[in-house]
Number of protein chains: 2
Amino acid sequence: MAQYSRLDGVFAAVSDPTRRAVLRRLGTGPASIGELAAPFGMALPSFMKHIGYLEKTGLITTRKTGRVRVCTLERASFDAIESWLSEQRGIWAGRTDRLEQFVTAADPDTRLDTETLS
Amino acid sequence: MAQYSRLDGVFAAVSDPTRRAVLRRLGTGPASIGELAAPFGMALPSFMKHIGYLEKTGLITTRKTGRVRVCTLERASFDAIESWLSEQRGIWAGRTDRLEQFVTAADPDTRLDTETLS
DNA sequence: GGCTAACTTAGCCGCATGGCTCAGTATTCA
DNA sequence: TGAATACTGAGCCATGCGGCTAAGTTAGCC
């Protein structure tokens with residue numbers, strides 16, 4: 001059991017203030033590592049871990065051009081959170097059937113997470 | 001500042017599949033610790049840690065009656081997630097001013113210049 | 001070629017998380 | 001009263017996170 005859901009990673013990634021700040025900045029457009037790291041009084045390797053985490057969970061993508069790595073926000077990955085919220089709210093409303101739309105339309109991980117409980 | 005910490009905790013709490021399952025179950029109504037723990041092949045003290053975490057972050061409240069502790073979902077605490085999503089989407093849309101209502105104590109990174117997109 | 005900028009890799013450290021067991025406490029029930 | 005139920009507390013352990021430094025690599029420029 002304990003199947004890993006995409007949600008695990010997404011929520012964990014978003015639980016850190018540094019990473020949320022990065023996501024916020026990337027919401028305005030792509031940026032390089034150095035540019036993103038500048039506002040934080042943090043060693044670059046430390047900052048890179050955050051970037052690596054965000055990329056691993058699919059919240060951002062990166063591409064290296066020359067010696068500069070550019071990060072781009074992946075807006076679609078936020079849908080997992082939205083879906084989860086909708087699911088939860090659907091349960092509160094007492095109509096689980098309704099959210100089948102969201103869940104089945106989402107990625108396999110979300111489905112897995114759903115059937116973990118029942 | 002320091003209004004983050006709530007989001008930190010909420011997202012961290014929600015990043016665990018066991019805890020999400022608990023939240024889902026509690027969405028249908030209050031339940032005792034034992035009742036909640038039953039579906040998981042987990043020692044009770046381990047499970048209690050999850051409950052403690054959920055309570056600490058305000059996602060649930062608990063009350064002990066006799067020897068049974070009953071847990072209740074605190075729906076309002078989900079608003080923090082909703083607000084954060086709204087903020088993020090607001091940034092994508094290029095209008096930060098609008099979401100000032102939600103995020104009052106945001107940090108300096110929230111500001112951005114209106115350029116691309118409407 | 002040689003210098004600098006922009007990462008990148010390797011490795012260390014302290015603390016928190018998520019699991020466990022082995023008791024202990026407090027109700028409830030026969 | 002005594003046993004069973006339902007937690008609760010203490011403490012151990014492995015892993016992972018978030019920070020650091022030091023050294024290496026690659027690209028761009030004079």
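Not measured: the values here are computed from a predicted model. All chains are named by letter (A, B, ...) in the order of the sequence lines, taking the proteins before the strands, and each is independently numbered beginning at 1. Any value given below was found using the heavy atoms of this structure, including those in side chains, with hydrogens, waters and symmetry copies removed.
- Listed pair B:K64 / D:dT8 meets the phosphate criterion, a side-chain N or O lying under 4.0 Å from OP1 or OP2.
- Residue contacts shown for A:I33 are limited to sugar-phosphate atoms, with no base heavy atom under 4.0 Å away.
- Here the nucleotide nearest the side chain of B:P45, chosen from C:dC7, D:dG9, D:dC7, is D:dG9.
- Classified by interplanar angle (parallel below 30°, tilted 30° to 60°, perpendicular above 60°), the ring pair B:W84/A:F78 is parallel.
- Distance A:F47 CZ to D:dT21 P: 16 Å, rounded to the nearest Å.
- In terms of position on DNA chain C, the residue among B:K49 and B:T65 whose nearest nucleotide sits closer to the 5' end is B:K49.
- Checking the phosphate oxygens (OP1, OP2) of D:dG18, a side-chain nitrogen or oxygen of A:R19 falls inside 4.0 Å.
- Shortest non-hydrogen contact noted between A:P17 and B:D8 is CD-OD2, 3.4 Å.
- Contact check, B:S46 against C:dG18: no side-chain N or O comes under 4.0 Å of OP1 or OP2.
- If A:Y53 and A:G66 are placed on DNA chain D by their nearest nucleotide, the residue sitting closer to the 5' end is A:Y53.
- Within the 3.5 Å criterion, the main-chain N or O of B:R69 finds no donor-acceptor partner in the side chain of B:T62.
- Going from atom CZ of A:F40 over to atom P of D:dC20 covers 12 Å, rounded to whole Å.
- In terms of position on DNA chain D, the residue among A:L44 and B:R69 whose nearest nucleotide sits closer to the 5' end is B:R69.
- Going from atom CD1 of A:I51 over to atom C1' of D:dG19 covers 16 Å, rounded to whole Å.
- Atom CG in B:D8 sits roughly 16 Å away from atom P in D:dC17 (whole-Å rounding).
- Rounded to an integer number of Å, the gap from CE of A:M42 to P of D:dC20 is 6 Å.
- A side-chain donor-acceptor contact under 3.5 Å links B:R19 to the backbone of B:A12.
- Listed pair A:H50 / D:dC17 fails the phosphate criterion, with no side-chain N or O lying under 4.0 Å from OP1 or OP2.
- Closest approach to the A:M48 side chain among D:dT8, D:dG18, C:dT8 is made by C:dT8 (side chain taken as heavy atoms from C-beta onward).
- Ionic pairing of A:E82 and B:R89 is present here: one or more N-O contacts between side-chain nitrogen and carboxylate oxygen are shorter than 4.0 angstrom.
- Dashed line: the shortest gap from a side-chain N or O of A:R67 to OP1 or OP2 of C:dT4 is not under 4.0 Å.
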